[in-house]
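Data first, discussion second: the structure below is written as structure tokens.
Owing to the predicted nature of the structure, the values given are computational and were not obtained by experimental measurement.
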Amino acid sequence: MPKNQVISMLGLARRAGKLSMGHDMAQHAMFEHKAKLVLFCSDVSPRLVTEFERTKELHHFNVKLIKTDITINEIYFGVGYKAGVMAVDDENMAKKIISLLEQ
């Protein structure tokens, strides 16, 4: 997976106002049906991932959840904000990030 390209896309999404970073913002984006993709850093707690999986299941949200091998510090240096979970709120950016992650 080309980490740098994914981090660049996340930076682009943030500058475009299409990235909800952090637990509360990502969850809020899910409840408002804005989130198209939720990404977790590799060093977040399994409990956090489980919480989002349960929320998705309970409320039948149509959002893809992916745990990446990108660390919180890599996100911080690339995007400028320290967060272990983030929601991409743009369909096209989400599709591009998913395709990069699947490489």
Could you tabulate the donor-acceptor pairs under 3.5 Å formed by side-chain atoms of residues 78-94, not counting sequence neighbours?
| from | atom 1 | to | atom 2 | distance (Å) |
| --- | --- | --- | --- | --- |
| Asp89 | OD2 | Ser20 | OG | 2.7 |
| Asp90 | OD2 | Asn92 | N | 3.2 |
| Asp90 | OD2 | Met93 | N | 2.9 |

Derivation and outcome, side-chain contact (heavy atoms from CB on, under 4.5 Å), residues Glu51 and His23: CA-CA 10 Å; Glu51 179 187 338; His23 175 276; 2.7 Å; yes

Pairwise side-chain contact, Ile72 with Cys41, heavy-atom cut-off 4.5 Å (strictly under): yes

CG-CD1 distance between Leu39 and Ile70, expressed to the nearest 0.5 angstrom: 7.0 Å

Leu37 and Ile66: CA distance, side-chain angles, deciding distance, side-chain contact (heavy atoms from CB on, under 4.5 Å) verdict: CA-CA 8 Å; Leu37 169 67; Ile66 300 176; 3.7 Å; yes

Sequence neighbours excluded, every pair satisfying ring pair (Phe, Tyr, Trp, His ring centres under 6.0 Å) that has a member inside residues 28-49: Phe31-His59, Phe31-Phe61, His33-Phe61, Phe40-Phe52

Spacing of OG1 belonging to Thr55 relative to CD belonging to Gln27, to within rounding of 0.5 Å: 5.0 Å

Hydrophobic cluster membership, Leu101 vs Val44, 4.5 Å side-chain cutoff: no

side-chain hydrogen bond (donor to acceptor under 3.5 Å, both in side chains) partners for Gln5, two or more places apart: none

Heavy-atom neighbours of Lys56 NZ exceed 12 at 6.0 Å: yes

Distance (rounded to the nearest 0.5 Å) between Lys34 NZ and Met25 CE: 7.0 Å

Glu74 side chain to Thr71 backbone, donor-acceptor under 3.5 Å: yes

Over 12 foreign heavy atoms within 6.0 Å of NZ, Lys64: no

ILVMFWY network linking Ile97 to Ile75, side-chain heavy atoms under 4.5 angstrom: yes

